[in-house]
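Some notes on the structure that comes next.
Counting convention: from 1, in listed order, for ligands and their atoms alike. The first residue of the sequence shown is numbered 1, and numbering continues consecutively from there.
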Amino acid sequence: MVRSSITGLLGALLLASAIRAENITSDAHFYGESPPVYPSPEATGTGPWAIAYGKARTFVASLTAEEKVNLTAGITADSGCAGSIPAIPRVGFPGLCVTDAGNGVRGTDFVNAWSSGLHVGASWNKRLARQRAIHLGYEYRQKGVNVALGPVVGPIGRVAEGGRNWEGFSADPYQSGVLVYETVEGIQSTGVGACTKHFIANEQETNRNPETDDQGEYVESLSSNIDDRTMHELYLWPFQDAVLAGSASIMCSYQRINNSYGCQNSKVLNGLLKEELGFQGYVMTDWYAQHGGIASANAGLDMAMPHSDFWNSNLTDAIANGTMEASRLDDMATRIIATWYHLGQDTYFPDPGLGMPKDVDAEHQRVIATSPASKDTLLQSAIEGHVLVKNTDGALPLKSPRLVSVFGYDAKGPDALQFNTISFQSSYPAIQRNHTLWVGGGSGENSPAYVDAPIDALQRQAYEDGSSILWNFDSIDPQLDSTSDVCLVFINSYATESQDRPGLTDQYSDTLVTNVANKCKNTVVVLHNAGIRLVDAWVEHENVTAVIFAHLPGQDTGRAVVDLLYGRANPSGRLPYTVARQAEDYGSLLHPAQREGDYWLFPQSNFSEGVLIDYRAFDAQNITPRYEFGYGLSYTTFDYSDLQTRRSNVSTTAYPPNATIEQGGNPHLWDEILTVSARVSNTGVVDGDEVPQLYLGIPNGPVRQLRGFDKVRIVAGESTPVAFPLTRRDLSVWDVDAQQWHLQEGEYKVYLGSSSRDLPLSGTFSI
Ligand code: NOJ
């Protein structure tokens with residue numbers, strides 16, 4: 001690889017990065033170095049965008065230069081929205097309100113707190129993900145929010161202790177891509193725009209922003225150093241699905257990518273997003289993530305939030321003095337206005353920020369966004385993200401217990417629930433010890449309409465079935481009534497934006513579980529976890545009879561878990577990440593990167609593991625996890641048979657045929673080349689949902705990669721066919737030299753089953 005123009009410090013740094021890239025050899029392109037890609041591609045208005053672009057071009061042509069500039073940055077509007085684009089009354093444009101986040105409308109009342117991204121991932125249910133997104137979109141719309149600041153596919157979960165992994169769906173790019181596609185289409189079907197974030201490689205919170213440290217030294221934000229193949233096959237993959245789904249906006253990230261800031265990185269914004277993926281929407285900054293003026297506009301940034309310290313009238317000055325093309329400003333404004341037309345927000349949409357309170361104490365218009373129509377989906381999405389990982393001798397579902405003892409801080413509701421004041425900054429960094437955990441902390445949390453805590457739902461159960469309930473939320477070594485039929489222990493594992501997690505276990509909770517298990521023969525552990533949680537301290541304790549990873553179910557958390565415990569619902573969640581036996585098994589991907597050595601003032605994180613994160617790393621290194629990616633139990637059992645592979649008759653040239661770039665990239669990437677099918681039977685005595693998972697061993701790729709999944713309801717004793725169409729992209733490897741997706745010669749391995757390591761069916765095919 002030639003690095004002709006790299007000199008001095010940067011050169012030394014790049015060399016060091018390259019040397020450390022053990023897993024990356026010939027495909028080390030762009031590693032640590034972000035090549036310039038200019039000019040910024042103008043949106044083409046292709047495919048479904050054609051009408052909107054026609055209107056937007058006419059509209060923008062009628063604006064003054066100043067009016068165009070006003071579209072490109074937020075204003076301090078005291079609007080109740082996280083960001084506001086001002087109105088242009090002269091031409092009937094009402095402005096835009098943009099607000100967090102992916103799990104519920106933030107900063108307002110009469111909205112639902114939905115299951116979090118990771119919970120949606122754990123449910124592995126595409127149709128449910130779409131339903132959730134439709135209801136979420138409806139709530140945004142009622143509140144007059146034009147653009148929802150979600151969903152999240154970055155971080156994807158590279159760093160086990162990452163503070164925001166719970167906002168995204170899965171540590172696998174394929175799974176994440178399928179779910180973001182459904183989510184973006186679902187939200188946008190209501191006329192609300194999605195802003196898929198954070199683009200790109202925003203994999204840790206530590207040093208996410210530049211800062212002045214304790215010594216008064218200015219520290220740049222972390223640089224995520226990624227080679228081109230890893231970028232395409234792992235980090236860019238789900239963003240491509242979001243663009244394919246028509247995401248109105250993409251939020252550029254805080255940290256640097258290959259040493260260039262995310263919101264002024266011409267390689268990722270101009271090159272990858274706008275040119276290669278054909279993105280037709282607009283790029284919005286993360287909050288205060290703009291670090292340069294004209295450079296950021298030329299690099300492909302379209303909108304600065306919550307305001308710009310750099311642009312404003314400087315944009316028109318720059319056009320006048322030739323440092324920026326007038327066409328760039330036109331493209332910025334056109335992209336923004338085109339999404340407004342494309343979503344139909346010009347015809348009817350509530351006034352921007354209508355239901356967003358300007359001030360928590362002030363009078364504000366009461367806009368009820370919750371709807372009775374969303375209740376079923378709210379509960380179902382809470383239920384399906386629970387993953388049963390241990391169930392000795394059918395301990396669950398509970399069989400009419402008479403005396404139920406409940407322990408642990410995580411069973412109870414919060415002491416106070418005040419509108420817009422919820423702040424989950426926990427006083428115990430590893431856990432939320434004040435109450436049950438239904439969402440993580442930071443901009444992904446919102447004020448729920450209510451919280452149905454586990455104890456609330458358990459009390460209702462006792463009321464219904466005449467059983468008796470005892471509890472102790474506070475003691476780490478609670479006294480126990482020895483006649484208890486079951487002891488339910490509720491613990492959690494907390495995470496929040498702006499800091500990475502202090503570890504994957506905590507001593508307090510582990511001691512509590514062990515103390516209860518030492519005294520109670522039937523101890524069932526429910527663990528609300530905002531990310532990976534290790535359980536080896538107690539999971540093999542003979543009295544721990546069942547364990548549920550309950551993730552972050554949202555406000556219906558209590559009724560969801562009690563429906564599962566009592567068998568009114570059958571667990572159908574599967575882990576969207578790998579649970580190791582010990583933290584060290586995550587290797588260099590356990591902790592976030594820290595400032596060190598020569599790079600003290602410009603911290604570096606070398607993604608030298610390439611695409612080998614999570615289960616791909618465990619497979620490559622042959623490490624046995626405690627619970628593998630895709631794992632989860634049901635109250636019934638399933639069997640697999642009849643694996644078949646059927647070729648379609650589309651062209652299988654090595655590279656996709658040339659075509660006009662549409663949103664999502666070359667449309668031939670979505671050509672279906674092959675379908676794998678099988679039959680799944682429910683061999684138990686109760687009805688249940690299975691998640692058949694298809695993994696491929698692609699020549700020149702990792703041991704196995706997820707390339708298909710579904711969720712199917714199967715009546716006890718019956719069976720159902722399942723089929724997984726595979727597209728050209730699904731079967732390809734990113735070819736760095738050709739800058740194309742490349743179908744591989746040689747034998748592909750096929751594995752089908754119920755987790756990444758329980759794969760009863762296998763076969764091969766060649767293309
Ligand atoms: C910063 C967060 O990183 C981002 O996800 C969020 O949308 C903005 N703040 C706005 O609140």
Problem - Those atoms of ligand 1 less than 4.0 Å from some heavy atom in K197 - result: 4 (C), 5 (O), 6 (C), 7 (O)
Exercise for the section: Please could you name the atoms of ligand 1 that R208 approaches to less than 4.0 Å, counting only its heavy atoms? Expected result: 3 (O)
Fill in the blank from the handout: Heavy atoms of T72 and L329 approach each other most closely as CG2-CD1, 4.1 Å
Practice task
Find all atoms of ligand 1 within a distance of less than 4.0 Å from any non-hydrogen atom belonging to Y254, and give their numbers and elements.
Solution key: 1 (C), 3 (O)
Fill in the blank from the handout: For atom 7 (O) of ligand 1, the closest protein heavy atom turns out to be D100 OD1, 2.6 Å
Handout entry: Salt bridge R595-D213, side-chain N to carboxylate O under 4.0 Å
Key = yes
Problem - W287-ligand 1 polar pair, N/O distance under 3.5 Å - result: no
Exercise for the section: Find all atoms of ligand 1 within a distance of less than 4.0 Å from any non-hydrogen atom belonging to R164, and give their numbers and elements. Expected result: 2 (C), 3 (O), 4 (C), 5 (O)
Exercise for the section: Look at the side chain of K197 and the backbone N and O of T285, then say whether any donor-acceptor pair between them is shorter than 3.5 Å. Expected result: no
Handout entry: Those atoms of ligand 1 less than 4.0 Å from some heavy atom in L149
Key = 7 (O)
Completion exercise
protein heavy-atom neighbour closest to atom 5 (O) of ligand 1 works out as H198 NE2, 2.7 Å
Problem - Residue M251 vicinity, atoms of ligand 1 by number, heavy atom under 4.0 Å - result: 7 (O)
Practice task
Specify whether Y261 and H291 have parallel, tilted or perpendicular ring planes, treating 30° as the upper limit for parallel and 60° as the lower limit for perpendicular.
Solution key: tilted
Practice task
Give the contacting part of E497 toward ligand 1: side chain, backbone, both or neither, where contact means a heavy-atom distance below 4.0 Å.
Solution key: side chain
Problem - D172 versus S170, side-chain donor and acceptor atoms under 3.5 Å - result: no
Handout entry: Parallel, tilted or perpendicular, as decided by the 30° and 60° cut-offs, for the rings of W237 and Y174
Key = tilted
Practice task
Taking the side chain as every heavy atom from C-beta outward, state whether S115 and R132 have any pair of such atoms under 4.5 Å apart.
Solution key: yes
Exercise for the section: Go through ligand 1 atom by atom and flag the ones less than 4.0 Å from a non-hydrogen atom of D286. Expected result: 1 (C), 2 (C), 3 (O), 4 (C), 6 (C), 8 (C), 9 (N)
Practice task
State, with a plain yes or no, whether a side-chain heavy atom of L601 is found less than 4.5 Å away from one of Y218.
Solution key: no
